[in-house]
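Excluded from the calculations below are hydrogen atoms, water molecules and symmetry mates; all remaining heavy atoms, backbone and side chain alike, are included.
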Amino acid sequence: MKIYQSRIKFFLAILISSSFIFINSLTAQSKENTIIPDTPAGKQLNDWLRVFASGNQDEFVGFIAQRYSKSLLEQDTAIDRAGGQARTYLHARSFDIRSIEKSTAQEITVLAQSSLTGLWNRLTMKVEEQSPYAITGYTSQRIHPPAGFPQRKLSERELVKEIKAFMNKLTAVDAFSGTLLVAKDGKPIYKTVHGMASKAYNIRNRIDTKLNLASIGKTFTAVAILQLVEHGKLSLNDTVGKILPDYPNKQAAAKVTIHHLLTHTSGMGDMHGPKYAARASSLRQVRDYLPLFVDDPLSFEPGARMQYSNAGYILLGAVIEKVSGENFFDYVRDHIFKPAGMIDTDYYEKDLDIPNLAAGYTNWIERGEDYQDFVLGQRRSNYGGIKGSPQGGAYSTIDDLLRFSLALRGYKLLSAASVDLMTTKKVFFRTYAADDTYYGYGLELENIDGKHVIGHTGGDLGVSSALEWFPDSGNYTVVVLSNYDRGGIIAIDKLKDLIIQSQK
């Protein structure tokens, strides 16, 4: 697996992170595990679940190498598949089987809950018809709670109690490091902090520790673009070539519009890859990023579909600089961070001594020049690139992000019409457990069990973050900043579930 392929898979794992309702109180019957039948498929599932619960990645590799069919192992190696299961393990730890949805000799589907989070999954195991019944397919899919498993509406006090208990549970197994804030009607009702900002120097995270935001920064870039549109300096229908007449990629210059860039429908792709790895320590200005992708052809006709594009948001940064006449970082600092009161937010250069800035800790390990694994065990420190960019990588605090959210929704940064434009569906993003997610302008627009969630998530090596608000679920706002690969993902999944449950 190439480094850039691993990184794209990581971003996609971040992006498809959704949440569905967690069951706080189960009936006595539902707390008991269901017995898996003694069929060929059932035996393979039972054996796999036992290995999975061990958390031993070497055992993952051994099981997959011995039990998976040749055709599956030709598609992805046992090591690569074990890496994927290692990421699932961090979210689940083990599965408690609650019911059997389908069972034949060659296939079994069960409904299960994660022992760490209580979130529901549909597990399916398929095997060959003849002994030794090699595994031909195994999937784990997040689902809504099935019928017959009751939910209990939570009061605000109960919600905070559940969140506190859950965060303590994550910390106890070292699944989360970072900060978390929950606000209602713009007022914080719960804050917590866990883990280390620097393991090497034994420095703990603080409530005001600055943590990497990763792709939450795309929302800042979108706000900047819409500010310039409001000021008449730019149109959403302008092509790249109109704004940047010297842009070398003539295909993109002629066909790609600002709207396409904002909605990831430009046909442009990622910027991470061998070129990025070779230059990461010298990327300090927007112009430094352009050679990483400027010669890449478009993957499809602009507007035809969505393809998440970090390169597209870098190009938006170049547009901002051209139209405003200001350096991108200065523009965002002066027109977004300062008006919003974000005193501890910036695109810090990480080779400087920045007080109270957290290191990131990742399970991704480089195995040579162009190979990378996800491995359970000791995390390694990773500050990432030297500086953030228009596609992400600013550092901030939970309080500053709440200020930003309130300033945006309070029309201090944009007009009501522009905020409505940001938060209106523009392009279909994904379907996950029957819930559709769309993309607006720099914002993810989720529909979870009929309830809207607006915001953006972020992820990179040693980073997982989220800023979400719930307009029709008690007007809650959640900010999660973690300096672990998966910590913020696990936390935001559960908190979304709890908040939506509180409105049942």
### Query
Rounded to the nearest 0.5 Å, how far does OG1 of Thr362 lie from CG of Asp485?
3.5 Å
### Query
Which residue, Ile336, Leu316, Ile314, forms the side-chain contact (heavy atoms from CB on, under 4.5 Å) with Thr221?
Leu316
### Task
Specify the closest pair of heavy atoms between Ser140 and Asn121, including all atoms of both residues, with the distance to one decimal.
OG-OD1, 3.4 Å
### Message
Would you say the ring centers of Phe60 and Trp48 fall short of 6.0 Å from each other?
### Response
yes
### Task
List the steps, then state whether side chain to side chain contact (heavy atoms under 4.5 Å, CB included) holds for Leu181 with Val478.
CA-CA 6 Å; Leu181 177 152; Val478 175; over 6 Å; no
### Message
Quick one, Thr477 with Glu468, criterion side-chain hydrogen bond (donor to acceptor under 3.5 Å, both in side chains). Give me CA distance, side-chain angles, the key distance, then yes/no.
### Response
CA-CA 6 Å; Thr477 305; Glu468 309 278 6; over 6 Å; no
### Message
Quick one, Gln106 and Lys126 - any side-chain contact, counting heavy atoms below 4.5 Å?
### Response
no
### Message
Please give me the minimum heavy-atom distance between Ser215 and Tyr308, naming the atom from each residue.
### Response
OG-OH, 3.1 Å
### Message
Quick check on the 6.0 Å ring-centre criterion: do Phe429 and Tyr438 meet it?
### Response
no
### Candidate pair Glu162 and Lys494, rule salt bridge (Lys or Arg N to Asp or Glu O under 4.0 Å), full reasoning
CA-CA 10 Å; Glu162 290 285 345; Lys494 177 60 176 293; 5.5 Å; no
### Query
Are the ring centres of Phe220 and His456 closer than 6.0 Å?
no
#### Entry: Intermediate values then yes/no, side chain to side chain contact (heavy atoms under 4.5 Å, CB included), Thr171 and Thr192
CA-CA 11 Å; Thr171 304; Thr192 191; over 6 Å; no
### Query
Between Lys169 (side chain) and Leu116 (backbone), is there a donor-acceptor pair under 3.5 Å?
yes
### Message
Can you tell whether the side chains of Arg379 and Asp174 come within less than 4.0 Å, N to carboxylate O?
### Response
yes
### Query
Is any side-chain heavy atom of Tyr395 closer than 4.5 Å to a side-chain heavy atom of Leu213?
no
#### Entry: Closest contact, heavy atoms only, Ala359 versus Asn483
O-ND2, 2.9 Å
### Message
Are the side chains of Leu90 and Leu376 in contact, using a 4.5 Å heavy-atom criterion?
### Response
yes
### Query
Under 3.5 Å, is there a donor-acceptor pair between the side chain of Arg380 and the main chain of Gln378?
yes
### Query
Any chance the rings of His264 and Tyr313 have centres within less than 6.0 Å?
yes
### Single hit among Tyr138, Phe63, Phe95 for ring pair (Phe, Tyr, Trp, His ring centres under 6.0 Å) with Phe52
Phe95
### Message
Let me confirm one number: the CZ-CG distance from Arg50 to Leu45, rounded to the nearest 0.5 Å.
### Response
11.0 Å
### Message
Hydrogens and angles aside, do Ser502 and Glu156 bring a side-chain donor and acceptor to less than 3.5 Å of each other?
### Response
no
### Message
Would the distance check show the side chain of Gln501 and the main-chain N or O of Arg152 forming a donor-acceptor pair, the cut-off being under 3.5 Å?
### Response
yes
### Exam field: side chain Thr397 to backbone Asp208, donor-acceptor pair closer than 3.5 Å
no
### Short side-chain donor-acceptor distance under 3.5 Å, Asp270 and Asn310
yes
### Task
Please report the closest heavy-atom contact between Ile64 and Ala82, naming both atoms and the distance.
CD1-N, 3.7 Å
### Query
Between Lys426 and Tyr441, is NZ or CZ placed under 6.0 angstrom from the six-membered ring centre and within 45° of the ring axis?
yes
### Check against side-chain hydrogen bond (donor to acceptor under 3.5 Å, both in side chains), Ser99 and Thr34
CA-CA 6 Å; Ser99 67; Thr34 297; 5.9 Å; no
### Query
Just by distance, do the side chain of Asn363 and the backbone of Val375 share a donor-acceptor pair under 3.5 Å?
yes
### Message
Once rounded to the nearest 0.5 Å, what's the spacing between atom CG of Asn212 and atom OG of Ser465?
### Response
7.0 Å
### Query
Under the 6.0 Å and 45° cation-pi test, does Lys199 pair with Tyr361?
yes
### Distance, nearest 0.5 Å, that separates CZ of Arg486 from CG of Leu170
13.5 Å
### Message
Before you tell me yes or no, could you show the steps for Ser405 and Arg409 under side-chain hydrogen bond (donor to acceptor under 3.5 Å, both in side chains), namely the whole-Å CA-CA distance, both residues' side-chain angles and the distance that decides it to 0.1 Å?
### Response
CA-CA 6 Å; Ser405 176; Arg409 289 180 280 168; 2.6 Å; yes
### Query
Side-chain contact, heavy-atom cut-off 4.5 Å: Thr263 with Met306?
no
### Task
Please determine if Arg142 and Asp493 form a salt bridge, counting it only when a charged side-chain N lies under 4.0 Å from a carboxylate O.
yes
### Summary
Which of Thr117, Thr88, Val173 passes side-chain contact (heavy atoms from CB on, under 4.5 Å) with Arg93? Answer is Val173
### Message
Tell me whether Ser482 contacts the main-chain N or O of Ser177 through its side chain, where contact means a donor paired with an acceptor under 3.5 Å.
### Response
yes
### Task
Applying side chain to side chain contact (heavy atoms under 4.5 Å, CB included), run through Leu49 and Ile97 and close with a yes or a no.
CA-CA 10 Å; Leu49 292 177; Ile97 308 304; 3.7 Å; yes
### Query
Under 3.5 Å, is there a donor-acceptor pair between the side chain of Ser464 and the main chain of Tyr484?
yes
### Message
Assess whether a salt bridge exists between Asp399 and Lys191, defined as any Lys/Arg side-chain N lying under 4.0 Å from an Asp/Glu carboxylate O.
### Response
yes
### Query
Counting distance only, does the side-chain N/O of Asn205 pair as donor-acceptor with the main-chain N or O of Val193 below 3.5 Å?
no
### Message
Give me the atom names and distance for the closest heavy-atom approach of Leu180 to Val182.
### Response
CD2-CG2, 3.8 Å
### Query
What closest approach, in Å, do Arg98 and Gln113 show between heavy atoms, and which atom pair accounts for it?
NE-OE1, 2.9 Å
### Query
Can a salt bridge be assigned to the pair Glu158 and Lys153 using a cut-off of 4.0 Å between side-chain N and carboxylate O?
no
### Query
Step by step, would you call Leu408 with Val223 a side chain to side chain contact (heavy atoms under 4.5 Å, CB included)?
CA-CA 9 Å; Leu408 180 61; Val223 169; 4.0 Å; yes
### Task
Indicate yes or no for a side-chain donor-acceptor contact from Lys425 to the backbone of Gly440 under 3.5 Å, with no hydrogens or angles considered.
no
#### Entry: Side chain Gln57, main chain Phe374, donor-acceptor under 3.5 Å
yes
### Residue pair Thr345, Asp400: steps toward the side-chain hydrogen bond (donor to acceptor under 3.5 Å, both in side chains) verdict
CA-CA 7 Å; Thr345 304; Asp400 266 11; 2.7 Å; yes
### Message
Working to the nearest 0.5 angstrom, can you tell me the gap between Thr209 OG1 and Leu481 CG?
### Response
10.0 Å
### Task
Step through it carefully: locate the ring centre of Tyr476, locate the ring centre of Phe470, and say whether they are under 6.0 Å apart.
no
### Task
Please round to the nearest 0.5 Å and tell me the distance separating atom CD1 of Ile163 and atom CG of Leu498.
6.0 Å
### Query
Any side-chain heavy-atom pair from Pro471 and Ile454 closer than 4.5 angstrom?
yes
